[in-house]
2 protein chains.
Amino acid sequence: MEEHRHVTIYDIAEKLNLAASTISRALKDHHSISDKTIKKVKQTAKEMGFVPNTLAAGLRGNVTKTIGILIPTVTQPFLSSLISGIEIAAQKSDYSVIIMQSHDSYQMEVDLAKSLYSNRVSGVICSLAMETRDTSHFKQFSNNNIPLVFVDRVPKDYDTFRVVINNYLAGYKATKHLIEQGCKRIAHLTAVSEFGNLYNERKRGYIDALIEHDIPVQDNLIISLKEMTYEAGVKACNQLFDLKTAPDGLFAPGDILAVSAVQTAKKRGIKVPDQFAVIGFNNDPISEIIEPNISTITHPAEKMGKAAAELIIKNLKSVKEEDAKEITFLNTQVLIRESSRKI
Amino acid sequence: MEEHRHVTIYDIAEKLNLAASTISRALKDHHSISDKTIKKVKQTAKEMGFVPNTLAAGLRGNVTKTIGILIPTVTQPFLSSLISGIEIAAQKSDYSVIIMQSHDSYQMEVDLAKSLYSNRVSGVICSLAMETRDTSHFKQFSNNNIPLVFVDRVPKDYDTFRVVINNYLAGYKATKHLIEQGCKRIAHLTAVSEFGNLYNERKRGYIDALIEHDIPVQDNLIISLKEMTYEAGVKACNQLFDLKTAPDGLFAPGDILAVSAVQTAKKRGIKVPDQFAVIGFNNDPISEIIEPNISTITHPAEKMGKAAAELIIKNLKSVKEEDAKEITFLNTQVLIRESSRKI
DNA sequence: TCATATTAGACAACCGATTGTGTAAAGAAA
DNA sequence: TTTCTTTACACAATCGGTTGTCTAATATGA
């Protein structure tokens with residue numbers, strides 16, 4: 001096998017008897033290079049199979065056109081949709097995307113943040129690890145004018161971009177929907193002690209909706225879970241159904257939990273939605289396929305990714321201090337399906 | 001806001017009155033540097049918040065410790081699991097992962113391959129786009145000793161690493177299972193004209209299992225789909241159920257199709273599995289949750305990712321020509337659930 | 001005609017880590 | 001004491017694209 005050397009602008013320069021700087025400028029249509037030369041250079045570059053070395057460009061210009069993504073995992077549907085959105089927006093502006101998974105570990109997140117910085121990414125999009133309480137490892141980005149956008153699971157107190165939905169409002173809307181369907185005893189699952197305020201916000205919305213409709217808030221109808229898994233959902237629902245006065249509705253802050261609720265109800269002979277109406281969150285693919293279909297809150301995951309990426313790309317062009325605290329809210333919608341449609 | 005400059009080895013050198021080369025060597029425990037100096041350098045580096053610039057290192061050494069992933073989309077469960085596996089293996093060896101989505105477009109794939117090359121990735125893991133027929137855009141990797149691993153959707157004729165399952169055997173096993181459950185008229189869905197041989201292989205396994213058990217292969221029980229979507233599955237199944245002699249079993253080469261089959265059957269009052277047994281493929285999360293649970297072929301997606309990443313990392317250490325055609329087969333298993341369990 | 005503007009392109013420094021080569025000093029072996 | 005080895009570190013080239021500065025030539029305007 002021949003040992004190919006990467007073709008460089010110097011190779012092109014030599015072949016055409018021009019200076020390397022001229023090649024560099026010609027390739028990006030610099031005004032000081034004649035059309036004739038530009039055409040010739042581009043033609044030769046193509047023939048020789050020239051591919052620019054982004055490392056060299058990045059080193060020199062300190063611009064890598066790379067967006068770093070730091071998220072708990074790529075397998076969660078919401079997050080893979082988020083990636084997809086980021087990726088599409090990035091591709092449009094000729095940015096690359098580099099992805100790292102914290103697996104919800106704080107230490108991993110710290111290490112990976114360093115690795116992203118080491119790679120001199122142009123910007124970072126992050127959804128925090130469950131474990132994360134301290135966010136000082138993100139200072140390296142802020143301190144070096146690397147735009148940082150938090151998405152979905154965002155820190156309370158960090159002064160940077162955020163792209164989120166209004167979780168309070170979404171929780172309120174979901175609960176209100178159940179009330180409108182005639183539910184009187186609405187249960188709620190939530191996450192135990194969370195740093196990001198996402199589940200707390202949903203819970204606040206739930207509570208306010210109840211209060212607003214003169215429905216008492218009952219502690220035994222609110223269950224805090226350590227993990228938002230199918231199994232945890234089944235366990236919690238059984239606990240709910242074992243109550244003397246079992247609930248007739250449930251707002252689950254995730255579709256997997258809603259699925260577990262629907263199936264647990266079915267197993268116990270409880271009719272969904274007539275005896276027990278359920279609404280989930282996220283509009284995961286499964287919510288649409290399971291029977292009965294599950295009502296849910298749509299979460300524009302791809303759009304969020306797109307918005308986050310665009311914030312970074314836009315921000316790189318014109319850094320304005322006053323932008324720094326910008327929060328982008330994206331709309332949620334109640335998607336009514338069979339699991340909660342009683343009327 | 002202060003304009004921080006990135007801390008470099010030169011900054012450390014200046015502070016300690018040492019040469020930059022000494023700093024560089026000290027940081028990687030080079031034997032020619034005294035322990036005392038090493039300790040001092042590392043200490044100071046930490047204090048000053050030094051983070052190595054991987055661009056500079058990559059440019060100089062032509063090694064980036066980055067694995068490029070080029071796949072149709074990240075949102076498909078199989079592929080996001082694959083990524084997860086790659087990522088875990090990469091992290092272990094201190095590699096970064098850079099992901100690009102072809103969205104099943106050939107042109108995108110060509111462009112993104114170039115972009116990966118431009119980023120001087122150390123290796124590439126690829127699952128081909130549906131559209132791809134020609135694979136010459138991968139030559140740039142092979143020609144430059146950049147290890148290339150195809151996963152799952154692999155080209156027939158490209159001389160490089162592959163990590164795949166034995167699709168023929170999996171198809172055979174799935175079909176045999178249905179036969180053992182007493183099915184006499186087993187239908188099969190497949191993809192229309194595919195470049196990668198994955199669906200064709202599964203079909204071959206299906207056919208051979210039938211032949212081996214003296215069951216006639218009937219063309220009207222084999223339907224080729226353009227897209228492997230839920231809707232396409234529903235349509236195909238309705239077509240099957242409309243036959244004079246409808247099938248009593250189905251081997252679907254994907255779980256989404258299996259789900260659509262089960263639900264279509266239920267809608268038409270056909271009992272699953274008694275009148276119609278179904279087996280899918282991939283063990284997507286949904287197969288476990290839907291009712292009835294769907295029997296499926298487990299596909300070790302994360303393991304495949306891990307294997308692919310390890311091939312690259314290992315190969316980078318010792319490039320041997322004779323390795324070049326290595327094919328890694330990973331095991332599949334028949335996972336029997338309710339949708340096909342008759343006896 | 002002279003001064004200014006524009007066009008064309010060369011030269012060289014630069015980004016930051018790496019590494020081959022060189023040198024000086026201290027210790028070990030002869 | 002001399003030679004060899006080891007230790008400890010400095011110097012400078014290198015990777016490849018970018019960009020400020022400079023020279024020269026042609027074109028435009030006063």
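Below, read A as the first sequence line, B as the second, and so on, with proteins coming before strands; counting in each chain starts at 1. For the numbers below, each heavy atom of this structure counts, side chains included, while hydrogens, waters and symmetry mates do not. Treat the numbers as computed from the prediction; the structure is a model and nothing was measured.
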Donor-acceptor pair present, A:R25 side chain and D:dG20 base, under 3.5 Å: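 Result: at least one qualifying N/O pair found.
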Donor-acceptor pair (no angle test) under 3.5 Å: B:S21 side chain, D:dC11 base: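 Indeed, a donor on one side and an acceptor on the other fall under 3.5 Å apart.
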Do A:T160 and A:F141 have side chains that get closer than 4.5 Å, going by heavy atoms?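 The answer is no, as the side chains (C-beta and beyond) never meet within the 4.5 Å cut-off.
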Side-chain contact test, heavy atoms from C-beta onward, threshold under 4.5 Å: evaluate it for A:E131 versus A:Q107 and give yes or no.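 The answer is no, as the side chains (C-beta and beyond) never meet within the 4.5 Å cut-off.
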Would you tell me if any nitrogen or oxygen in the side chain of A:S24 comes within less than 4.0 Å of OP1 or OP2 on D:dT18?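 For D:dT18, OP1/OP2 do have a side-chain N/O of A:S24 under 4.0 Å.
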Residues that A:D35 engages under salt bridge (Lys or Arg N to Asp or Glu O under 4.0 Å), provided they are two or more places apart: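 Salt bridge (Lys or Arg N to Asp or Glu O under 4.0 Å) check on A:D35 returns nothing, list empty.
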For [X] and [N], what is the distance between atoms [atom1] and [atom2] respectively, to the nearest whole Å?
X     : N      : atom1 : atom2 : value
B:H30 : C:dT21 : NE2   : P     : 13 Å
B:K28 : D:dC9  : NZ    : C1'   : 18 Å
A:I38 : C:dT7  : CD1   : P     : 12 Å
A:I23 : C:dC11 : CD1   : P     : 13 Å
B:I9  : C:dA17 : CD1   : C1'   : 5 Å

Between A:T37 and A:Y10, just flag the one whose closest nucleotide in DNA chain C comes earlier from the 5' side.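 Taking each residue's closest nucleotide, the earlier one in sequence belongs to A:T37.
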If we ignore angles and hydrogens, is there a donor and acceptor under 3.5 Å between the side chains of A:T64 and A:S122?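 Per modelled atom types, A:T64 and A:S122 side chains form a pair under 3.5 Å.
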